[in-house]
Amino acid sequence: MHVKEIENGIVLENIKDFELPHIFECGQCFRWNKEEDGSYTGVAFGKVINLRKEHDKVYIDNTNYNDFKNIWHSYFDLDRDYGKIKEKLSAIDETMKTSVEFGYGIRILKQDEWETLISFIISANNRIPMIKRAIEALSENYGSYIGNYRGKKYYSFPKPEKLYNLSLEDINFKGIGFRGKYILNAAKLVVNKEIDIYNLKNLETFKAREELMKFSGVGPKVSDCVMFFSMDKSDAFPIDVWVKRVMEYFYVPEGTSLKKIQKFAEEKFGNLAGFAQQYLFYYARELKIGKNK
DNA sequence: CTGCAGGGGTAAA
DNA sequence: TTTACCCCTGCA
């Protein structure tokens, strides 16, 4: 891969394992939207950027080399060799081989811990459009104004300090519902430093999970999502309904407990479990595998 | 058109 | 292990 500066942006040349729909529609993020021209615009770390791909070039608009170096390089996980991961997973069995071929351009974004925590608290028993709507409402009301891009206004995700002083009524947006109390509780625990969310990545996976589950509204699934999508813990294996379906379809008897599926995945995929989960999830959801039994 | 089940889990019983 | 949860969407 080669990085070049262009007007109001940069271009990544000769890039591998990087497909925009795979990355932005594999369920890991909620603030990226497809434009009419097929490009994607999104907000992360207080910036709004747009990505467009042509052959083996990815154009990142509305940024500069400095931000690329400090933010986007890490955010798009550009140091990781996905070719190697895909090779290892494909060697496991035919199911993995097929899943990897299907989502060949997936990359795991390294998102902000706090934003990921709140986003996945909102995701519980919720649907993607509703989750996105709730996150946008929080950002528009309590985030900072970033600017106007292509005729739309963009706002950063609100800091915990900003949400700390709010009441349930203040955040009673569509899609938040019963999760409102969890959000306020999380802001309180983080602001009061009862849980140091930005230090959890330095803990062992089991310990970080234990800490995350101290947050109200955070169970095994949400904690694994937060660890994998923001803390670089690839041995986490979040099991949502789609992963449960695809695991039951290919690997374990129907009705296997989540705990047993987790253990099965741990043994089968090891520290690549998170990546395996992501390829399986994308494959299962796009093809609706196991949906109609 | 109206009515109702269920959804990218978790907490509480 | 089972059930309620906000509320929107899909479907009967």
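Per chain, numbering begins at 1; letters A, B, ... match sequence-line order.
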Exercise. If you measure from the Lys or Arg side-chain nitrogens to the Asp or Glu carboxylate oxygens, is any gap between A/Lys244 and A/Glu248 under 4.0 Å?
Worked result: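 Here A/Lys244 pairs with A/Glu248 in a salt bridge, since their nearest N and O are under 4.0 Å apart.
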For this session: Salt-bridge test for A/Asp232 and A/Arg80: reply yes if a basic N is under 4.0 Å from a carboxylate O, no otherwise.
Result: yes
Exercise. Does a side chain donor of either A/Asn271 or A/Ser234 reach within less than 3.5 Å of an acceptor in the other side chain?
Worked result: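 No, because no side-chain N or O of A/Asn271 sits under 3.5 Å from a partner of the opposite role on A/Ser234.
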Exercise. Side chain of A/Asn126, base of C/dC7: donor and acceptor closer than 3.5 Å?
Worked result: no
For this session: Using a heavy-atom cut-off of under 4.0 Å over every strand shown, decide if A/Phe120 touches base, sugar-phosphate, or nothing.
Result: nothing
Problem set entry | Below 4.0 Å: OP1/OP2 of C/dT9 and any side-chain N or O of A/Arg133 |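 Yes, because at least one side-chain N or O of A/Arg133 sits under 4.0 Å from OP1 or OP2 of C/dT9.
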Exercise. Closer than 4.0 Å, any side-chain N/O of A/Lys174 to the OP1 or OP2 of C/dC8?
Worked result: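 Checking C/dC8 against A/Lys174, a side-chain N or O does come within under 4.0 Å of OP1 or OP2.
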Seminar exercise, completed: DNA chain B nearest-nucleotide lookup for A/Val218 and A/Arg285: closer to the 5′ end is A/Arg285
Exercise. When rounded to the nearest Å, what value does the distance between P atoms of C/dT3 and B/dA5 take?
Worked result: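 14 Å, rounded to whole Å.
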Exercise. In terms of hydrophobic clustering (I, L, V, M, F, W, Y; side-chain heavy atoms under 4.5 Å; direct or indirect links), are A/Ile71 and A/Tyr59 co-clustered?
Worked result: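 No, no single cluster joins them.
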Problem set entry | Rounded interatomic separation in angstrom, taking CZ from A/Arg179 and P from C/dC5 |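 Between P of C/dC5 and CZ of A/Arg179: 13 Å.
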Exercise. What integer distance in Å separates A/Ile131:CD1 from B/dG9:C1'?
Worked result: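 Atom-to-atom, A/Ile131 to B/dG9, this comes out as 11 Å.
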For this session: May I ask which nucleotide in the shown strands pairs with C/dC6, Watson-Crick or G-U wobble, both distances under 3.5 Å?
Result: none
